[in-house]
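One structure below.
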There are 2 protein chains.
Amino acid sequence: MARWEPDARGRLLHAAADLFAERGYEATTAAQIAERAGLTKTTLFRHFADKREILFQGQDALVALAVDGVAGAPAGSTPFEVLHAGILALCTMHPAEQRANQRGIDALLSSSPELQERAVFKRSTITEALRGSLADRLDDGRRAAVLADLGVRAYYGGFAVWIASPVDGPLADVVATELAAYEAAVGSLGSATLASSAAR
Amino acid sequence: MARWEPDARGRLLHAAADLFAERGYEATTAAQIAERAGLTKTTLFRHFADKREILFQGQDALVALAVDGVAGAPAGSTPFEVLHAGILALCTMHPAEQRANQRGIDALLSSSPELQERAVFKRSTITEALRGSLADRLDDGRRAAVLADLGVRAYYGGFAVWIASPVDGPLADVVATELAAYEAAVGSLGSATLASSAAR
DNA sequence: GTCTATACAATGATAGAC
DNA sequence: GTCTATCATTGTATAGAC
């Protein structure tokens with residue numbers, strides 16, 4: 001028999017979600033979250049590095065998804081196809097059932113500068129991991145970097161559209177549309193540049 | 001006659017630079033900085049929003065530089081020429097004499113996760129401002145976003161090279177070289193995409 | 001309008017007991 | 001793993017001094 005109730009982490013997450021929804025992020029203290037979960041502040045900080053991390057639960061898995069997605073792209077893929085593989089792998093983290101949850105988290109994020117800073121950092125971590133794995137595949141570091149930025153933009157942009165949309169549908173569809181639009185924008189940029197330099 | 005010693009902000013910056021160099025960022029407390037400057041903690045936090053901001057002194061001006069640089073690009077410029085104008089404007093913030101200082105700041109940044117997070121946030125603020133002003137000029141939002149990412153990469157990448165380089169020279173030269181390299185990478189990406197889609 | 005004094009709330013770390 | 005307890009530090013708030 002366990003000497004304490006199981007799933008402390010899950011209880012903390014649940015308590016935090018409730019309290020953040022009730023009073024907002026800043027008005028909720030770490031001690032209050034712990035108390036509602038039937039635990040203490042010390043235990044909370046054993047499970048989460050800091051208060052902000054509670055809201056980014058599971059985000060760390062995105063890095064591995066992107067890297068594995070890129071690594072798993074078939075040989076002979078074009079650079080954009082490799083990128084697609086990495087970005088669409090990210091979408092598997094967000095099933096349609098969680099869309100309502102994500103809306104709530106999104107609202108919290110925009111309420112606190114502290115959380116926005118952390119969100120930007122997470123985004124940059126994903127971008128950097130993606131850039132690294134693309135660089136392994138593409139042997140041109142700068143091309144890999146540009147693709148990583150572009151892919152992450154499509155992912156986050158698609159995510160925002162998906163969250164805001166009234167109709168249910170898979171995130172991957174929206175993101176794929178975004179990716180195609182960015183691809184077109186880069187294509188026109190490339191050809192515009194070539195045309196203008198050819199004109200000289 | 002002043003009733004107190006002037007230039008409190010300057011003294012705080014100087015005291016912080018000394019203490020950070022002596023003991024590192026984390027081992028220096030806000031109270032110690034204030035004390036060495038002959039002030040109190042309260043005053044320090046009147047001049048800086050938080051401890052991290054002490055190390056990003058002046059960074060906020062970069063946003064205006066980028067925006068004004070883009071806005072000042074001559075009519076009829078190509079998208080890349082507009083971008084050049086914005087990015088090279090950023091370089092005016094960093095005269096060659098400050099290169100040694102920047103090296104010290106750079107070392108501190110890599111010593112603390114807290115500072116890295118703030119640095120990433122500053123970078124994203126600059127990117128976002130640049131993206132906005134490029135979007136005004138270029139009427140294609142996604143193209144503007146890709147260019148902003150690319151330009152900021154050239155700026156930060158060039159900055160790192162400039163910091164590390166043993167030879168003295170203007171930052172703008174290094175950054176211009178980076179920009180050209182990224183431009184070439186995007187050009188080849190665009191034509192590769194066009195070629196591969198044409199081949200179908 | 002800038003600084004000081006004091007008190008305060010909250011984060012996060014640490015040590016030792018169960 | 002969790003708890004109690006204590007602690008340093010950040011950052012805020014208030015009221016007053018010059």
Side-chain angles (χ1 to χ4, degrees), chain A residues 1-20 22-57 60 108-109 111-119 121-122, chain B residues 1-20 22-57 60 108-109 111-119 121-122:
Chain A
M1 271 308 181
R3 282 168 301 181
W4 54 80
E5 295 300 317
D7 193 24
R9 188 189 177 89
R11 266 157 46 223
L12 286 165
L13 284 169
H14 193 257
D18 285 356
L19 287 166
F20 291 160
E22 286 171 23
R23 341 179 167 174
Y25 174 80
E26 305 202 321
T28 305
T29 70
Q32 288 166 349
I33 297 169
E35 189 194 13
R36 179 164 303 198
L39 296 165
T40 62
K41 195 176 53 127
T42 310
T43 307
L44 187 154
F45 285 115
R46 278 180 44 76
H47 285 276
F48 301 97
D50 55 45
K51 190 182 158 191
R52 275 152 267 162
E53 283 300 306
I54 300 173
L55 268 162
F56 292 92
Q57 219 277 330
D60 293 345
L108 282 172
L109 290 197
S111 78
S112 154
E114 196 175 313
L115 290 175
Q116 284 162 42
E117 194 167 9
R118 179 59 54 86
F121 191 68
K122 295 285 184 189
Chain B
M1 269 309 187
R3 283 166 298 181
W4 55 79
E5 295 300 317
D7 194 24
R9 188 189 176 89
R11 267 156 47 223
L12 286 165
L13 284 170
H14 193 257
D18 285 356
L19 287 167
F20 290 160
E22 286 171 22
R23 340 180 169 173
Y25 173 81
E26 304 202 321
T28 305
T29 70
Q32 288 166 349
I33 297 168
E35 188 193 13
R36 180 164 303 197
L39 297 164
T40 63
K41 194 179 54 127
T42 310
T43 307
L44 187 153
F45 285 116
R46 280 179 41 77
H47 285 274
F48 301 95
D50 56 45
K51 190 181 157 192
R52 276 152 270 165
E53 282 301 303
I54 301 174
L55 268 163
F56 293 91
Q57 216 277 329
D60 293 345
L108 282 172
L109 290 198
S111 78
S112 154
E114 194 175 312
L115 291 175
Q116 285 163 41
E117 194 167 9
R118 179 60 53 87
F121 191 68
K122 295 285 184 188

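Lettering of chains follows the sequences in order, A, B, ..., and the numbering in each one begins at 1.
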Just by protein heavy atoms under 4.0 Å, how would nucleotides 2-14 of chain C read 5' to 3' in B, S and -?
-> BBBBB---SBB-B
I'd like a table of donor-acceptor pairs (distance under 3.5 Å, sequence neighbours excluded) in which one partner is a side-chain atom from residues 38-46 of chain B, with atom names and distances.
unit_1	atom_1	unit_2	atom_2	d
B:Thr40	OG1	B:Thr43	OG1	3.3

With B:Tyr25 via ring pair (Phe, Tyr, Trp, His ring centres under 6.0 Å) - residues at least two apart | B:Phe20
Who are the side chain to side chain contact (heavy atoms under 4.5 Å, CB included) partners of [X], not counting sequence neighbours?
X       : value
A:Asp60 : A:Lys122
B:Ala15 : B:Ile33, B:Arg36, B:Ala37
A:Glu35 : none

Starting at atom CD1 of B:Ile33, determine the distance to atom C1' of D:dT10, rounded to an integer number of angstrom.
-> 12 Å
